[in-house]
Participant: 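The structure under discussion is supplied below as structure tokens; questions concerning it will follow.
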Amino acid sequence: MSTAGKVIKCKAAVAWEPMKPLSIVEIEVAPPKAHEVRIKMSASGICRSDDHVLTGDLKVNFPIIIGHEGAGIVESSNFPLSILSITAPVGLMYDGTSRFTCEGKPLHNFAGTSTFSEYTVVHEDSVAKVDPSAPLERVCLFGCSFSTGYGAAINTAKVRPGSTCAVFGLGGVGLSAIMGCKAAGASRIIAVDINKEKFPKAKELGATECVDPLDYKKPINEVLFDMTDGEGVEYSFEVVGTPETLAAALASCHLNYGKCIAVGVPPSASEMTFSPALVFIGRSLKGSLFGGWKGKEPVPKLVSDFMEKKFVLDPLVSHTLPFEKINEGFELLRAGKSIRTVLKFQSP
Ligand code: APR
Ligand code: ZN
């Protein structure tokens with residue numbers, strides 16, 4: 001029986017308040033309004049930005065359904081989709097209302113996407129129609145990690161062939177930035193992380209050297225200068241999400257033409273100060289949201305490039321769990337054990 005136009009009851013992982021595990025509860029999902037689509041989720045990755053909501057670092061309105069890296073099928077028309085967080089994170093649809101309720105109480109959405117639910121409603125701006133033969137448990141990564149990291153190197157930095165790059169933070173986003181640097185033809189890619197367990201994968205994906213700042217007495221920016229004969233790297237990418245690592249990434253690049261790309265999401269309340277001397281000779285600092293891609297249009301092409309094996313995604317997926325084990329997925333992330341956990345939703 002068609003569910004079009006009707007309220008759907010389904011399971012979702014609801015965050016009632018910060019610092020608590022998610023609760024899987026039954027919710028009601030209203031039909032989509034004009035320019036919206038209701039999607040049956042197939043797979044969703046767990047990103048550090050979702051965890052920033054749970055730790056309270058990223059300020060949002062609770063209760064909320066988080067998750068912003070998903071893939072699914074449009075409920076009424078069978079289009080496979082990649083779901084992207086392109087709308088502002090106000091927690092409501094553009095008309096100021098929510099499509100989610102739990103026992104009649106409205107729930108907020110996250111980044112206009114809310115992929116940790118068996119069904120979600122998103123604005124048409126936040127979805128891209130992709131090749132129906134692409135595996136949805138990989139396509140979901142185009143919603144955030146891969147597109148964000150790879151695009152930061154390709155689009156925002158426009159990494160030059162033969163250049164030296166440094167990537168701070170080797171999660172799903174940072175490893176994708178390494179792939180982007182490699183695809184752009186960088187000749188040295190220095191991977192930086194305080195968790196050495198991340199190094200083998202970084203090497204597999206293109207890092208030429210790996211450094212752990214905790215192994216040195218000097219600040220990591222000085223270590224990177226030493227490693228580059230006092231030149232500094234041409235491009236540095238901050239993919240951790242702290243003001244300290246952003247300051248270190250900025251101070252690691254070449255004084256005249258170095259470009260530091262800020263990719264990690266900083267805590268809402270954070271501020272940073274730095275000496276103007278860091279930039280006045282010519283370094284630049286630039287932010288990169290969703291890899292600098294212009295909206296959703298490039299996503300279908302990225303998916304076809306993936307299908308043509310122009311890059312790999314399997315190394316980014318360290319764990320696959322059923323949706324019901326979502327809290328286990330967050331524990332793996334917090335313990336530094338996972339790159340991406342992909343949650344799979346049951347088929348009907
Ligand atoms: N120096 C270097 N690396 C660090 C440091 C540090 N001081 N602190 C943490 N890290 C490393 C962690 O060990 C981890 O490997 O940064 C990596 C971050 O990876 P994930 O937590 O898996 O994050 P990811 O999902 O890749 O997202 C990275 O981008 O989307 C944003 O909010 C997200 O800010 C986060 C960033
Ligand atoms: Zn993300």
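This is a predicted model, so every value here is computed, not measured. Note that ligands are numbered from 1 as they come in the structure, with each ligand's atoms numbered from 1 the same way. Scope of the values below: all heavy atoms of this structure, side chains included, with no hydrogens, waters or symmetry mates.
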Participant: Do S176 side-chain atoms and G149 backbone N/O form a donor-acceptor pair below 3.5 Å?
Facilitator: no
Participant: List for me each residue that meets salt bridge (Lys or Arg N to Asp or Glu O under 4.0 Å) alongside E103, sequence neighbours excluded, and say none if there are none.
Facilitator: none
Participant: Tabulation required: pairs of a nitrogen or oxygen in ligand 1 and a protein nitrogen or oxygen under 3.5 Å; columns are atom names and distance to 0.1 Å; otherwise 'none'.
Facilitator:
residue  : atom   : partner : partner atom : Å
ligand 1 : 13 (O) : D193    : OD1          : 2.7
ligand 1 : 15 (O) : D193    : OD2          : 2.7
ligand 1 : 15 (O) : K198    : NZ           : 3.0
ligand 1 : 19 (O) : G171    : N            : 3.4
ligand 1 : 21 (O) : R48     : NE           : 2.5
ligand 1 : 21 (O) : R48     : NH2          : 2.9
ligand 1 : 25 (O) : R48     : N            : 3.2
ligand 1 : 25 (O) : R340    : NH1          : 2.9
ligand 1 : 26 (O) : G172    : N            : 3.1
ligand 1 : 26 (O) : V173    : N            : 3.0
ligand 1 : 30 (O) : S49     : OG           : 3.2
ligand 1 : 32 (O) : S49     : N            : 3.3
ligand 1 : 32 (O) : S49     : OG           : 2.6
ligand 1 : 32 (O) : H52     : NE2          : 3.2
ligand 1 : 34 (O) : H52     : NE2          : 3.4
ligand 1 : 34 (O) : V240    : O            : 3.0
ligand 1 : 34 (O) : V265    : N            : 2.9

Participant: Under the 3.5 angstrom rule, does the side chain of S318 hit a backbone N or O of R340 as a donor-acceptor pair?
Facilitator: yes
Participant: Are T320 and E137 close enough that a side-chain donor and a side-chain acceptor fall under 3.5 Å?
Facilitator: no
Participant: What angle sits at the Zn ion (ligand 2) between SG of C144 and NE2 of H68, to 10°?
Facilitator: 110°
Participant: For the pair E324 and K11, find out whether any cationic side-chain nitrogen is under 4.0 Å from an anionic carboxylate oxygen.
Facilitator: yes
Participant: For the backbone of L333 and the side chain of S338, can you confirm whether one donor and one acceptor N or O come within less than 3.5 Å of each other?
Facilitator: yes
